[in-house]
Amino acid sequence: MQLISGNRTLDLSTPQVMGILNVTPDSFSDGGQFQFFEHAINQASQMVQQGAAIIDIGGESTRPGAEPVSLDEELSRTIPVIEKIANDLDVWISIDTSKAQVMKEAVAAGAHLINDVCALQEEGALEVAAQCKVPVCLMHMQGAPRSMQVSPSYEDVAKDITRFFMQRISACREAGIDKSQIILDPGFGFGKTLDHNYQLLQRLKQFSELGYPLLTGLSRKSMFGDWLGRTVEQRLAASLAGVLLCAQQGANIVRVHDVQETSDVLKVLKKTIES
Ligand SMILES: Nc1nc2[nH]c(S[C@@H](C(=O)O)c3ccccc3)nc2c(=O)[nH]1
């Protein structure tokens, strides 16, 4: 299994690491536009050295209750960073956005993959993604970021998400997006209770057997904080446990903050499988 974007090929026969690069002001305490930009590039470069095959760039925090970010603000945060990384580093770049215009300009600036937590449901997103002809990650979310954690409920969380995937895949196929360009992601923490998240983790293999590359993002999430009583900075061990549980059930891409540690876990898993 592999992903193709332009002249790039990503081998998915072994799990790949997607490093998170948040270019939202709240993710840079030091402030200042220039420092902000330099810091982002340095972080990206470090993640590549540590084993990231993809750098995921997000200009809008999807924190529950977060203020929405304007189109211009999201563009001004992401596009210059994408251009610089595309110019300086040999790595896949994904744009973490739900806005059609941001997708369009990000791909024009050098992004190779669209990562949409809204699975191309926003106005114009499906059409733009089809025109871009790059792989797209369709993530499941129940509700919207501002309200998704109010009272998540499902008949059967795994079945409901699978039904959602089938609906979105049909919409993509009708829009002219090739099956080979679709990646699926159950969206840990997006409209799920603690138990829903762990049920999904337990049954993750079901999703990897749907015939599409599977991306998972558990890194430092509240499913660990709430269960363990740990702050965001204290969730590395749990996040690495999550990486291993996902990789052993067929996840092809793991979206993480801690690239070096995640790379080490995947190398140990690979060595074990090959011994
Ligand atoms: N495909 C894919 N994209 C993603 N973007 C994110 S933002 C998330 C975070 O903790 O990074 C987050 C959630 C809530 C607040 C802040 C940040 N999570 C995913 C994911 O799980 N899958």
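In what follows, every heavy atom counts, from backbone to side chain, and hydrogens, waters and symmetry copies are set aside. Since we're looking at a predicted model, the values are computed, not measured. All ligand and atom numbering here is 1-based and tracks the order in the structure.
Near Met139, meaning under 4.0 Å from any of its heavy atoms, are these atoms of ligand 1: 2 (C), 20 (C), 22 (N). Of all atoms in ligand 1, numbered sequentially from 1 with element shown, those under 4.0 Å from a heavy atom of Asn115 are 1 (N), 2 (C), 3 (N). The distance from ligand 1 to the heavy atoms of Leu215 drops below 4.0 Å at these ligand atoms: 1 (N). Here is the list of ligand 1 atoms found below 4.0 Å of a heavy atom in Arg255: 2 (C), 3 (N), 4 (C), 5 (N), 6 (C), 7 (S), 9 (C), 11 (O), 18 (N), 19 (C). Those atoms of ligand 1 that come under 4.0 Å of a heavy atom in Gly217, given as number and element, are 21 (O).
Between Arg220 and Asp258 a salt bridge is recorded (basic side-chain N to carboxylate O distance below 4.0 Å).
By the neighbour-count criterion of 12 heavy atoms within 6.0 Å, atom CD of Glu274 is densely surrounded, having more than that number from other residues, nucleotides or ligands.
Contacts with ligand 1 closer than 4.0 Å are made by no heavy atom of Asp56, backbone or side chain.
Contact annotation: the side chain of His112 never approaches that of Val91 to less than 4.5 Å [non-hydrogen atoms, C-beta and beyond].
Considering backbone and side-chain atoms together, Lys221 places an N or O closer than 3.5 Å to an N or O of ligand 1.
Taking both residues in full, the closest heavy atoms of Phe207 and Leu214 are given as CB-CD1, 3.9 Å, listed atom of the first, atom of the second, then distance. For the residue pair Ala129 and Val136, the shortest heavy atom distance occurs at CB-CG2, 4.1 Å.
The aromatic rings of Tyr154 and His140 are tilted relative to each other, their planes meeting at an angle between 30° and 60°.
For atom 2 (C) of ligand 1, the nearest non-hydrogen atom from the set Ile183, Asp185, Ile20 comes from Asp185.
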